[in-house]
Protein chains: 4
Amino acid sequence: MPKISDEKRAARRAQILEAAWACFQKEGLHATTMDDIIRASGLSAGAVYSYYPSKDELILAAVTTSLSGLTSLVIPLLQAMPAPAPATLLQQIAATIDQFTAREGYDLKRVALLGWAEAQRNERLRATMRGFYLAFRDLLEQALGRAADAGHLERSLSGKDAAKALLAMIVGFVVQDALLHDVEPEQLARGLAALAPLRRDD
Amino acid sequence: MPKISDEKRAARRAQILEAAWACFQKEGLHATTMDDIIRASGLSAGAVYSYYPSKDELILAAVTTSLSGLTSLVIPLLQAMPAPAPATLLQQIAATIDQFTAREGYDLKRVALLGWAEAQRNERLRATMRGFYLAFRDLLEQALGRAADAGHLERSLSGKDAAKALLAMIVGFVVQDALLHDVEPEQLARGLAALAPLRRDD
Amino acid sequence: MPKISDEKRAARRAQILEAAWACFQKEGLHATTMDDIIRASGLSAGAVYSYYPSKDELILAAVTTSLSGLTSLVIPLLQAMPAPAPATLLQQIAATIDQFTAREGYDLKRVALLGWAEAQRNERLRATMRGFYLAFRDLLEQALGRAADAGHLERSLSGKDAAKALLAMIVGFVVQDALLHDVEPEQLARGLAALAPLRRDD
Amino acid sequence: MPKISDEKRAARRAQILEAAWACFQKEGLHATTMDDIIRASGLSAGAVYSYYPSKDELILAAVTTSLSGLTSLVIPLLQAMPAPAPATLLQQIAATIDQFTAREGYDLKRVALLGWAEAQRNERLRATMRGFYLAFRDLLEQALGRAADAGHLERSLSGKDAAKALLAMIVGFVVQDALLHDVEPEQLARGLAALAPLRRDD
DNA sequence: GATGAATGAGTCTTCATTCAT
DNA sequence: AATGAATGAAGACTCATTCAT
């Protein structure tokens with residue numbers, strides 16, 4: 001077999017990654033064996049290992065690819081003009097996470113939970129995730145700033161805190177829906193609105 | 001004297017559970033071996049197995065004990081009279097989670113992440129968690145109802161949604177702080193307040 | 001199973017080592033699989049690994065035990081009084097190596113060749129062997145000194161060189177007999193005598 | 001033009017063999033992978049396999065080529081007229097082995113140790129080596145005969161034994177220097193001379 | 001009851017070799 | 001003829017669990 005083209009190589013990597021996603025989601029990161037992935041990919045052990053040199057690398061790739069795939073869907077929302085109100089933004093992002101799950105054929109929420117747990121003991125994964133979430137939170141902060149410009153919320157000194165609160169709601173949505181399967185994006189948006197204070201009282 | 005024996009039995013179970021917590025937190029659920037726990041507990045393999053018949057049982061016990069330990073700390077907050085505003089309640093609960101970590105000598109947040117991941121493939125753990133979070137959300141809903149009575153928020157038809165949103169913020173706090181280590185309860189409370197809309201928009 | 005006695009533990013170690021010796025000798029160090037040794041030992045994989053934590057450790061133990069077993073047989077020869085002539089000493093040592101082989105049921109010569117090869121890439125083994133051969137050469141030098149005292153050879157400034165030459169003959173005997181199977185200790189002794197110069201001529 | 005093709009073929013074989021030598025010497029025979037050799041040779045897997053059909057074949061070729069390369073250097077010494085004294089011959093041969101190492105860019109001594117070990121389980125290699133060493137010993141015997149003619153040693157019935165003793169010293173030099181790195185050809189020659197008995201003793 | 005040695009199926013990974021292109 | 005991607009059978013080692021003492 002002569003040299004494979006770059007596209008074919010990428011296709012093979014994708015093929016393996018999809019197999020890994022499917023297995024990880026079904027069995028969890030550690031309960032999934034390389035043999036599971038190898039069988040699911042339809043390739044041989046050696047072939048899989050020539051594309052991903054270890055299980056850890058495959059885990060890292062699976063999680064980071066999920067993360068960046070999601071990012072590319074969410075970024076347009078964060079840069080929309082005019083900027084929506086926070087509750088609307090929350091609803092749109094949550095809905096996009098749901099769509100991602102449906103579109104790619106595996107549940108991003110479950111993979112996210114697995115990734116967070118794995119990040120506790122995997123240095124590289126932790127660093128990667130850290131970078132991702134910090135960047136994501138920055139984007140949220142900017143979007144909230146533009147929402148303030150649009151008059152949706154009071155321009156305040158605590159833009160960073162608002163971004164933290166909003167990020168908490170987003171990842172909290174992922175956890176809660178993964179565990180309870182009964183949270184809809186609109187409910188979250190309505191809930192956030194309902195939590196709003198009538199007047200500042202603390 | 002069966003009573004002494006029972007007490008001893010309980011003490012042994014606690015001793016083993018503490019060892020398990022310490023290991024799980026440090027290494028993760030799967031990377032922790034029974035041998036790790038056995039050594040950390042200072043008992044023999046046979047002894048540990050006579051108290052917990054399998055690793056899965058130990059995982060279940062570790063997670064549910066954490067959960068109920070936390071519950072007993074949080075319930076007073078949820079039943080406080082007069083009811084605090086949502087942001088205040090959020091701050092108090094987040095602070096309690098932080099305190100729990102400090103008091104029990106292991107990081108509840110990390111164990112929570114591990115437990116959620118494990119629940120994806122462990123039927124019993126999933127059911128247990130489901131029950132816990134549903135009950136917790138009910139308590140949140142009641143507390144929010146009393147907060148509405150106290151005039152902190154508009155009494156609305158979406159009490160359930162508000163509870164979902166609040167729970168999302170709480171678990172989102174756990175995730176975000178476990179990953180980024182830069183979220184304080186007060187920031188979250190301020191952030192929630194900052195997200196309040198100037199005008200209701202759809 | 002309660003705590004095993006020290007003797008039993010030692011016996012188990014010996015049992016595993018003997019199995020390893022037999023396999024190594026038959027197959028070579030690398031071609032021998034742990035499974036070979038496990039089966040030959042009659043124990044389980046876990047049991048073998050609880051006594052020797054890796055194949056490398058087993059190789060090290062096999063080689064160093066051979067070395068020290070041989071040493072304990074040869075030392076009396078080196079300390080004999082009155083000291084024999086070099087050719088006689090050579091013959092005795094070579095004969096002892098042959099006896100060791102016969103007595104222990106495996107061919108020390110073959111294991112020696114394997115060990116030397118392995119020492120090329122195994123740091124610890126190399127260090128161990130180095131120490132052994134240096135010490136052995138020192139003993140040879142002392143024995144030659146006593147042989148000079150006894151009038152068997154000229155006392156010279158080159159005692160170290162004589163020890164190097166004698167050690168070369170001993171290990172050379174091991175190699176040659178392992179490869180050709182046609183060298184007897186007496187032949188070596190006669191050969192050394194025959195090589196002796198009639199008069200110093202260089 | 002088949003002649004050019006043949007030359008190219010020989011050049012390729014040499015190129016592969018050199019790569020193999022370099023790897024074998026650095027890593028040992030078994031720890032060297034075909035991939036190591038393939039990469040070191042700069043050729044493709046298929047190309048290497050078209051010249052040497054298996055790793056065993058490559059090992060055999062590497063060892064026998066070393067052996068015959070050395071032979072061609074040593075033979076002139078063995079046929080020199082007038083014949084030198086045994087100690088002188090020993091020194092010359094040892095020095096030639098050292099030179100070979102320097103000249104060919106890889107350590108013949110190390111490869112020799114590896115080859116001897118491998119010969120324990122490789123039938124063909126064993127047979128090849130056996131032939132080589134028997135032939136070499138015959139040449140030594142003849143050279144010693146001529147040395148006796150020249151009056152350097154007593155003509156005796158044990159010419160074969162003297163050859164065995166001399167071969168032992170030569171291979172013993174290889175082992176000792178490979179392990180201890182502190183043996184010089186002249187030391188060996190002086191040492192042999194120093195071992196000469198003052199009086200024949202039994 | 002308690003002990004901890006023993007079990008052995010299962011894990012990740014390697015690597016000599018092949019053969020489609 | 002050459003390439004190098006693919007194969008898949010081993011290999012070293014682990015670890016939840018058991019049970020003889």
Side-chain angles (χ1 to χ4, degrees), chain A residues 1-5 8-9 12 16 30-39 41-59, chain B residues 5 8-9 12 30-39 42-59, chain C residues 1-5 8-9 12 16 30-39 41-59, chain D residues 5 8-9 12 30-39 42-59:
Chain A
M1 300 173 185
K3 199 147 198 157
I4 218 169
S5 71
K8 269 207 171 152
R9 210 178 149 74
R12 276 271 199 265
I16 293 167
H30 284 92
T32 292
T33 70
M34 283 305 288
D35 207 52
D36 290 339
I37 297 172
I38 287 158
R39 230 167 336 186
S41 74
L43 297 174
S44 67
V48 169
Y49 271 88
S50 82
Y51 287 96
Y52 292 96
S54 72
K55 187 180 177 182
D56 265 6
E57 215 69 29
L58 211 32
I59 288 175
Chain B
S5 171
K8 261 193 184 165
R9 214 177 149 71
R12 278 287 170 80
H30 283 91
T32 292
T33 68
M34 284 304 288
D35 201 53
D36 290 338
I37 297 172
I38 287 159
R39 231 165 326 150
L43 298 174
S44 68
V48 169
Y49 269 87
S50 79
Y51 288 97
Y52 292 95
S54 74
K55 188 180 175 182
D56 268 3
E57 215 68 29
L58 212 33
I59 289 174
Chain C
M1 300 175 186
K3 200 149 199 157
I4 219 168
S5 71
K8 268 206 171 154
R9 210 178 149 73
R12 277 272 199 264
I16 294 167
H30 284 92
T32 292
T33 70
M34 283 305 288
D35 206 52
D36 290 338
I37 297 173
I38 286 158
R39 230 167 336 186
S41 74
L43 297 173
S44 67
V48 169
Y49 272 90
S50 82
Y51 286 97
Y52 292 96
S54 72
K55 187 179 175 183
D56 266 7
E57 215 68 29
L58 211 34
I59 288 175
Chain D
S5 171
K8 261 193 183 164
R9 214 176 151 72
R12 279 287 171 78
H30 282 92
T32 292
T33 69
M34 283 304 287
D35 201 54
D36 290 337
I37 297 172
I38 287 160
R39 230 165 327 150
L43 298 175
S44 69
V48 169
Y49 269 88
S50 79
Y51 288 97
Y52 292 96
S54 75
K55 188 180 176 184
D56 268 2
E57 215 68 30
L58 211 34
I59 289 174

(message) For a quick check of understanding: with a heavy-atom distance under 4.0 Å over all strands, which category does A:Ser5 fall into, base, sugar-phosphate or nothing?
(response)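 The answer is nothing, as A:Ser5 stays clear of every strand by at least 4.0 Å.
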Where the side chain of [X] is concerned, which of [options] is the nearest nucleotide?
{"X": "C:Tyr51", "options": "E:dA5, F:dA6, F:dC13", "result": "E:dA5"}
{"X": "D:Met34", "options": "E:dT13, E:dT17, F:dT14", "result": "E:dT17"}
{"X": "C:Ser44", "options": "E:dA6, E:dG4, F:dA5", "result": "E:dA6"}
{"X": "C:Thr33", "options": "F:dT14, F:dA5, F:dG11", "result": "F:dG11"}
{"X": "D:Ala45", "options": "F:dA6, F:dG4, F:dA12", "result": "F:dG4"}

Grab the [atom1]-[atom2] distance between [X] and [N] for me, whole Å please.
{"X": "A:Ile38", "N": "F:dA6", "atom1": "CD1", "atom2": "P", "result": "14 Å"}
{"X": "D:Ile59", "N": "E:dC15", "atom1": "CD1", "atom2": "C1'", "result": "14 Å"}
{"X": "C:Asp35", "N": "F:dC13", "atom1": "CG", "atom2": "P", "result": "13 Å"}
{"X": "B:Leu43", "N": "E:dG1", "atom1": "CG", "atom2": "P", "result": "15 Å"}
{"X": "A:Lys8", "N": "F:dG4", "atom1": "NZ", "atom2": "P", "result": "15 Å"}
{"X": "D:His30", "N": "F:dA12", "atom1": "NE2", "atom2": "P", "result": "12 Å"}
{"X": "B:Tyr49", "N": "E:dA6", "atom1": "OH", "atom2": "P", "result": "18 Å"}
{"X": "A:Lys3", "N": "F:dA6", "atom1": "NZ", "atom2": "C1'", "result": "16 Å"}

(request) Mind jotting down which residue pairs meet the side chain to side chain donor-acceptor pair (under 3.5 Å) criterion with at least one end in residues 50-59 of chain A? Sequence neighbours excluded, please. (result)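 Counting only pairs at least two positions apart or across chains, the side chain to side chain donor-acceptor pair (under 3.5 Å) contacts touching residues 50-59 of chain A are A:Glu57-A:Arg124.
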(message) For DNA chain E, report each stem as range with range, ordered by first number, or say none. Use Watson-Crick or G-U wobble pairs under 3.5 Å, at least 3 in a row.
(response)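 When the pairs of DNA chain E are grouped into runs of at least three, the stems are E:2-21 with F:2-21.
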